Amino acid sequence: MHTWYRLKEGEDLILPYLDQREEAEARERMYKNLKQKMDDADGEQHRPKTLKFRLAAAAIVLLGIAMSFYYLNIYHSGGQLRLVTTKSGEHKKIELTDGTLIYLSSESKLSYPVAFKGNTREVILEGEAFLR
């Protein structure tokens with residue numbers, strides 16, 4: 001661009017109604033405007049990377065929301081969890097609402113929803129248990 005601009009300097013006036021000083025100022029303004037537009041166009045080449053990062057961040061946020069929703073629906077049916085723990089040497093027998101019996105071994109924890117949804121019976125167990 002700079003070479004093209006310099007080649008035009010030796011030619012006749014672009015705008016005949018301007019004197020040489022005014023035309024030099026007009027050329028300088030045109031040059032600056034053109035250079036600014038080209039610099040702006042170069043800056044736009046970096047935008048796709050920014051867009052990719054934004055899309056990736058949005059996907060991660062949506063995945064996190066979906067996982068939270070799944071966790072809350074599966075493990076917190078009705079929003080209420082029941083927690084049963086046993087101390088060292090202690091054993092407990094727990095009966096779920098569907099009649100399932102759980103024998104909790106010592107030093108164990110069992111979390112389960114107060115009311116289950118559908119046919120799925122998902123619980124959170126830390127330690128040992130026997131289900132019957």
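Any value given below was found using the heavy atoms of this structure, including those in side chains, with hydrogens, waters and symmetry copies removed. Computed from a prediction, not measured in an experiment: that's the story for all the values here.
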Once side-chain contact (heavy atoms from CB on, under 4.5 Å) is applied, do any residues pair with [X], and if so which ones, sequence neighbours excluded?
X: R54; value: T50
X: T97; value: F116
X: L101; value: K93, E95, Y103, R132
X: E107; value: S88

Considering all heavy atoms, the nearest S106-K87 contact: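 Minimum heavy-atom contact is CB-O, 3.4 Å.
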Shortest non-hydrogen separation from L104 to E128 and the atoms involved: CD1-O, 3.8 Å
Backbone of S105 reached by a side-chain donor or acceptor of T86 within 3.5 Å: yes
Distance, nearest 0.5 Å, that separates OG1 of T85 from CD of E126: 10.5 Å
Separation between CG of L34 and CD of Q36, rounded to the nearest 0.5 Å: 10.5 Å
F130-L110 co-clustered via ILVMFWY side chain contacts under 4.5 Å: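 F130 and L110: separate clusters.
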By salt bridge (Lys or Arg N to Asp or Glu O under 4.0 Å) - contacts of E25 (at least two apart): R21
Side chain to side chain contact (heavy atoms under 4.5 Å, CB included) between I102 and Y112, worked out: CA-CA 11 Å; I102 300 176; Y112 60 96; 5.8 Å; no
Non-neighbouring partners of D98 that pass side-chain hydrogen bond (donor to acceptor under 3.5 Å, both in side chains), sequence neighbours left out: T100, R121
